[in-house]
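Following: one structure in structure tokens, then a few remarks.
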Amino acid sequence: MDPKATEIAHDFPPFLRAYTDGRVERFFGTDVVPPSVDSETGVSTKDVAIAPERGVSARIFKPNTINPDQKLPLLIYYHGGALCLGSPYCTIYHNYVTSLVAEANIIAVSVDYRLAPEHPVPVPHEDSWAATQWVVSHSLGQGPEAWLNDHSDFKRVFLAGDSGGANIAHNMAARAGVEGLGGVKLSGICLLHPYFGRREADCDSRGDGDSLVDKKPGVDNRWLFVCPTTSGINDPIINPAADQNLRKLGCSKVLVCVAEKDGLRKRGWFYYEVLGKSGWGGALEIVETEGEDHVFFLFKPGCEKAVALMKRLASFMNQD
């Protein structure tokens with residue numbers, strides 16, 4: 001074997017290692033929890049193939065307390081993992097969405113999109129758009145999945161995601177605002193510790209404790225890993241300030257969640273400020289959790305602050 005083939009091209013400890021020969025080793029989010037009925041929460045899950053030829057699928061979550069003719073708010077969730085890790089089927093995300101469905105009393109669809117670097121951005125976003133369109137194809141009660149036809153209220157549709165998944169959630173709402181979504185109007189989006197680029201003023205600063213090093217102004221080395229063709233700070237996928245259509249964001253309210261010790265904290269605030277100045281007419285709110293780090297709610301779901309954050313998300317999706 002060529003020794004150069006085993007050289008490390010990208011190291012994302014302790015989660016991922018990529019080699020110069022194209023091999024990728026993942027150390028997070030590769031386990032699979034089978035669909036089932038969760039005895040503790042009373043939430044049932046099932047898996048569906050959305051675009052088998054592309055490898056796009058999803059896990060659907062439904063509370064068993066639902067009445068036969070009851071319609072619940074519908075959440076489409078995009079998992080995090082820097083767009084190169086994780087799935088709806090791994091323990092971390094299966095358990096998180098299960099708990100959120102039980103707390104909020106909602107239907108949820110957790111999207112399984114293809115991962116970078118094997119499928120670089122914008123593939124995860126295109127897969128997620130295909131999945132989002134598949135979900136809303138049930139809005140008239142004639143889609144292929146009965147749980148969505150029978151129990152989803154398509155007047156209360158929300159998107160959410162954490163980290164890289166929050167980036168996807170924003171971009172799905174942005175695309176819906178321009179292209180439409182089959183007549184369905186998104187009620188809101190929840191962005192949990194979102195992954196965006198830096199504001200220009202922060203491009204030469206590491207004062208926020210961010211471990212990601214910029215290779216291009218405003219664009220860090222991890223973004224270049226998942227999106228090697230990026231144009232840099234002018235790329236609207238990573239920099240919402242570069243999106244000339246941001247004011248058309250296709251939802252009526254946005255909740256941004258950040259954490260005090262998260263290296264991405266300033267990026268979440270940047271998004272909040274840019275959207276607020278864009279001319280978009282919806283309701284915008286930001287919540288900061290003190291003393292916590294990036295996606296703490298996934299790794300410490302039972303802690304007081306994680307429970308409080310989940311209750312805030314549940315309230316956001318159930319407010320009139």
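Numbers for residues simply follow the sequence, beginning at 1.
Under the 4.5 Å side-chain heavy-atom criterion for grouping Ile, Leu, Val, Met, Phe, Trp and Tyr, Trp129 is connected to Val157 within one hydrophobic cluster. A chain of hydrophobic side-chain contacts below 4.5 Å, direct or via other Ile, Leu, Val, Met, Phe, Trp or Tyr residues, connects Val48 to Leu148. No path of Ile, Leu, Val, Met, Phe, Trp and Tyr side chains, each step under 4.5 Å between heavy atoms, connects Val121 with Val123, placing them in separate hydrophobic clusters. Val178 and Leu275 fall into different hydrophobic clusters, where Ile, Leu, Val, Met, Phe, Trp and Tyr are joined by side-chain heavy atoms under 4.5 Å apart, directly or via other members. By the rule that hydrophobic residues join a cluster once side-chain heavy atoms approach within less than 4.5 Å of another member, Tyr77 and Val287 end up as members of one cluster.
Between Lys277 and Tyr272, every side-chain heavy-atom pair lies at or beyond the 4.5 Å cut-off. Between Glu292 and Asp262, the closest side-chain pair of non-hydrogen atoms is not below 4.5 Å. Put simply, the side chain of Arg267 does not reach to within 4.5 Å of the side chain of Ile238, judged on heavy atoms. Considering only heavy atoms from C-beta on, Pro63 comes within 4.5 Å of Ile107 through its side chain. Inter-residue side-chain proximity for Ser99 and Met310 is flagged as met; some heavy-atom pair is nearer than 4.5 Å. You'll find the side chain of Glu145 reaches within 4.5 Å of the side chain of Trp134, heavy atoms only. By the 4.5 Å heavy-atom criterion applied to side chains, Cys190 and Leu159 are not counted as neighbours. Residues Asn234 and Asn239 have side chains not in contact (no heavy-atom distance under 4.5 Å, counting atoms from C-beta outward).
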Open item on the list: Walk me through whether Ile286 and Val258 qualify under side chain to side chain contact (heavy atoms under 4.5 Å, CB included).
Closed with: CA-CA 8 Å; Ile286 190 165; Val258 298; 4.2 Å; yes
TODO: Using the side chain to side chain contact (heavy atoms under 4.5 Å, CB included) rule, take Leu16 and Phe225 through it: C-alpha gap first, then chi angles, then the decisive distance, then the call.
DONE: CA-CA 12 Å; Leu16 176 146; Phe225 174 66; 3.8 Å; yes
Task: Pair Glu285-Val254, side chain to side chain contact (heavy atoms under 4.5 Å, CB included): steps then yes or no - done: CA-CA 6 Å; Glu285 183 179 358; Val254 173; over 6 Å; no
Open item on the list: With salt bridge (Lys or Arg N to Asp or Glu O under 4.0 Å) as the criterion, how do Arg265 and Glu288 come out once you've worked through the C-alpha distance, each side chain's angles and the decisive distance to 0.1 Å?
Closed with: CA-CA 9 Å; Arg265 171 185 173 273; Glu288 180 165 336; 2.9 Å; yes
Open item on the list: Pair Phe154, Leu74 - check side chain to side chain contact (heavy atoms under 4.5 Å, CB included), show working.
Closed with: CA-CA 7 Å; Phe154 282 92; Leu74 173 62; 3.5 Å; yes
Task: Chi angles and distances behind the salt bridge (Lys or Arg N to Asp or Glu O under 4.0 Å) call for Arg26, Glu118 - done: CA-CA 12 Å; Arg26 291 181 171 87; Glu118 299 94 332; 2.7 Å; yes
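Of all non-hydrogen atoms in Ala82 and Val226, the two that sit nearest each other are O-CG1, 3.4 Å. The nearest pair of heavy atoms linking Gly302 to Val307 is O-CG2, 3.9 Å. Across Asp293 and Ala259, no two heavy atoms sit closer than the pair O-CB, 3.7 Å. Ala241 and Val274 get closest at one heavy-atom pair: CA-CG1, 3.7 Å. Annotation for Glu103 and Ala314: closest pair CG-CB, 3.9 Å, computed over non-hydrogen atoms. When all heavy atoms are compared, the tightest approach of Asn149 to Gly143 is ND2-O, 2.7 Å.
Partners of Arg175 according to the salt bridge (Lys or Arg N to Asp or Glu O under 4.0 Å) rule, which considers only residues two or more places apart in sequence or in another chain, are Glu126, Glu179. Every residue meeting the ring pair (Phe, Tyr, Trp, His ring centres under 6.0 Å) condition with His94, not counting sequence neighbours, appears here in chain and number order: Phe61. Considering only residues two or more places apart in sequence or on other chains, His119 meets the ring pair (Phe, Tyr, Trp, His ring centres under 6.0 Å) condition with none of them.
At least one donor-acceptor pair closer than 3.5 Å links the side chain of Ser139 to the backbone N or O of Val136. Between the side chain of Asn171 and the backbone N or O of Ile237 there is at least one donor-acceptor pair closer than 3.5 Å. Side chain of Asp153 to main chain of Leu72: no donor-acceptor pair is present (N/O by atom type, distance under 3.5 Å, no hydrogens or angles). Formation of a donor-acceptor pair under 3.5 Å by the Asp127 side chain with backbone atoms of Val56 is not found in this model. In this structure a side-chain-to-backbone donor-acceptor pair under 3.5 Å is missing from Asp112 to Arg59. The backbone N or O of Ser187 lies less than 3.5 Å from a partner atom in the side chain of Ser252, making a donor-acceptor pair. A donor-acceptor pair is defined here as one N or O able to donate and one able to accept, closer than 3.5 Å; no such pair exists between the side chain of Ser315 and the backbone of Arg312. Side chain of His138 to main chain of Val135: a donor-acceptor pair is present (N/O by atom type, distance under 3.5 Å, no hydrogens or angles). The backbone N or O of Asp69 lies less than 3.5 Å from no partner atom in the side chain of Asn67, so there is not a single donor-acceptor pair.
In this structure, a donor-acceptor pair under 3.5 Å is absent between the side chains of Ser163 and Tyr78. A side-chain donor-acceptor contact under 3.5 Å links Tyr93 and Asp162. Asn95 and Thr98 are not linked by any side-chain donor-acceptor pair at a separation below 3.5 angstrom, with hydrogens and angles left out of the test.
Aromatic ring centres of Tyr96 and His79 lie farther apart than the 6.0 Å criterion allows. Here the two rings, on Tyr271 and Phe196, have centers that are under 6.0 Å apart. In summary, the aromatic rings of Tyr19 and His10 are positioned with their centroids too far apart to meet the 6.0 Å limit. Note: Phe297 and His193 meet the aromatic proximity criterion, with ring centroids under 6.0 Å apart.
Distance CD1/Ile60 to NZ/Lys62: 10.5 Å, rounded to 0.5 Å. We find the NE2-CE distance between His125 and Met172 to be 6.0 Å, quoted to the nearest 0.5 Å. Once rounded to the nearest 0.5 Å, the distance linking CG of Leu100 with CG of Asn105 reads 11.0 Å. Here the CG atom belonging to Leu309 is positioned 6.0 Å from the CG atom belonging to Leu192, to the nearest 0.5 angstrom. Here the straight-line distance linking atom CD1 of Ile168 with atom CD1 of Ile189 works out to 12.5 Å at 0.5 Å rounding. In this structure, OG in Ser44 is found 10.5 Å from CD1 in Ile66, a value given to the nearest 0.5 Å.
Relative to the six-membered ring of Phe296, Lys305 misses at least one condition, a distance below 6.0 Å or an angle of at most 45° to the axis. With a 6.0 Å cutoff to the six-membered ring centre and a 45° limit on the axis angle, Lys248 does not count as a cation-pi contact of Trp280.
The number of heavy-atom neighbours closer than 6.0 Å to NZ of Lys46, taken from other residues, nucleotides and ligands shown, is above 12.
A salt bridge does not link Arg222 with Asp220: every distance from a Lys NZ or Arg NE/NH1/NH2 to an Asp or Glu carboxylate oxygen is 4.0 Å or more.
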